[in-house]
There are 2 protein chains.
Amino acid sequence: MKPQELYEIMSKIPLFKGFNIEEIKEILKTLNFQIKNYKKGETVFFRGDALEQIIIILSGTSKGEMQKFNGDTITIDYITPYQLIAPAFIFGSSRTFPVDLISTENSKFLFLNKDNFLNAMQKDERLLVNFLDEISNKGQLLSKRIWFNFMNKTINEKVLSYIKENQKNGYISFKPSISELAKKFEVTRPSLSREISFLCDKGILTKIKSGKYKLNCENL
Amino acid sequence: MKPQELYEIMSKIPLFKGFNIEEIKEILKTLNFQIKNYKKGETVFFRGDALEQIIIILSGTSKGEMQKFNGDTITIDYITPYQLIAPAFIFGSSRTFPVDLISTENSKFLFLNKDNFLNAMQKDERLLVNFLDEISNKGQLLSKRIWFNFMNKTINEKVLSYIKENQKNGYISFKPSISELAKKFEVTRPSLSREISFLCDKGILTKIKSGKYKLNCENL
């Protein structure tokens, strides 16, 4: 990767928000960085590997996978460019990869030395606040997901609650997909589809097109 | 509260790990701190209140509560002395209290100015790493809880998985209580009790005393 190309990409990374190209050049000099390439399908890290650097995905997509006791593999999360890898596992008591990370496309990762990064955060408040924001945002997402499932125990409660919070002008889209929503709701995909069909049968929802429904509030 | 008493308490707070009493005295001078007392039953913060300071509970216990759509109130979490309040909501895009915080005993809270705290983290690497550890540990707990429920969709899977991970020498305790575990599993308490009874009926568990069971692996 050409230096200028790297600087351009880095100016889009939330962790370097507020830094201009010149400042990115300067700070990179202090961070003892490395760029590594991974091929499509390659396992970048295994669950349990030590997480000793600040790692950012520059290009390509990766997925976090886990094995169930029965040997099945399930995808926990997709990670897209400019994201920090496992931000909550760089510090704290568990500093290992929480999942297997598999590159789903040819991809590039940026590795920054952790001690140098700590020094840089102490010198530049923007970097410190950006890093705190990144870890906090991840924690906030996780909290919201847990509360949602905690407040809404049954699948019917989860779906109705999702509809109430996300409907726009009487229409509701199940985004990004039924499968992804089923993961968030911590239910199986068929159960979620069944619940949506049930709401259609009761006249609460009317299907417009795949994933999009009209909400008939008078039946709610 | 006498100054010496405050210093003693603060030396036990994870956020000040590695600081001796003299250093705590020095750093407190820079943090523009306040101590506030709350009575048993008092609402310390309402959900949605701005979270503009670093807040630590010095004594007493508080609970985080939320209201369901149907008006029921449920307890999300108990917060005990020396813990940071809502560590993932001090930075990041949502900087408001995620729940109502109610004091369940007469209690004391320490408030530290956020800008001064940022400065202090930039000057002292211990404080920076301690704060990153605190936020990260919270995120790690939330992640583990989500994965557990995600990997184990049915209540039977959740209970068997919990038993496999927590059994000791063929005995299993449901800790801290069936109610608390039901919250973690995101199921109702009666469903969890029913599942445990079912495992007893199948001969997989034999009740020893309340909450403690012998595991009969040959029946698993």
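- Within the 4.5 angstrom heavy-atom criterion, only side-chain atoms of B:E157, from C-beta onward, approach chain A.
- Put simply, of B:I135, B:N119, B:L132, the one with the most heavy-atom pairs under 4.5 Å next to chain A is B:L132.
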Side-chain donor-acceptor pairs of residues 74-90 of chain B under 3.5 Å, sequence neighbours excluded:
from  : atom 1 : to    : atom 2 : distance (Å)
B:T80 : OG1    : B:Q83 : OE1    : 3.1
B:Q83 : OE1    : B:T80 : N      : 2.9

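- Residue-level contacts of residues 123-131 of chain A with chain B, in order of numbering, are A:K123, A:D124, A:E125, A:L128, A:V129, A:F131; threshold 4.5 Å between heavy atoms.
- Contacts of residues 137-148 of chain A with chain B at a heavy-atom distance below 4.5 Å involve A:N137, A:G139, A:Q140, A:L142, A:S143, A:K144, A:R145, A:I146, A:W147, listed in sequence order.
- Under a cut-off of 6.0 angstrom, the local environment of CG in A:D201 is crowded, with over 12 non-hydrogen atoms contributed by other residues, nucleotides or ligands.
- More than 12 heavy-atom neighbours from other residues, nucleotides or ligands sit within 6.0 angstrom of NZ on A:K114.
- Between chain B and the options A:E134, A:M121, A:Q122, A:M66, the largest number of non-hydrogen pairs under 4.5 Å is found for A:Q122.
- For a heavy-atom cut-off of 4.5 Å, chain B lies close to A:F91, A:G92, A:S93, A:S94, A:R95, A:P98, A:V99 in residues 91-101 of chain A.
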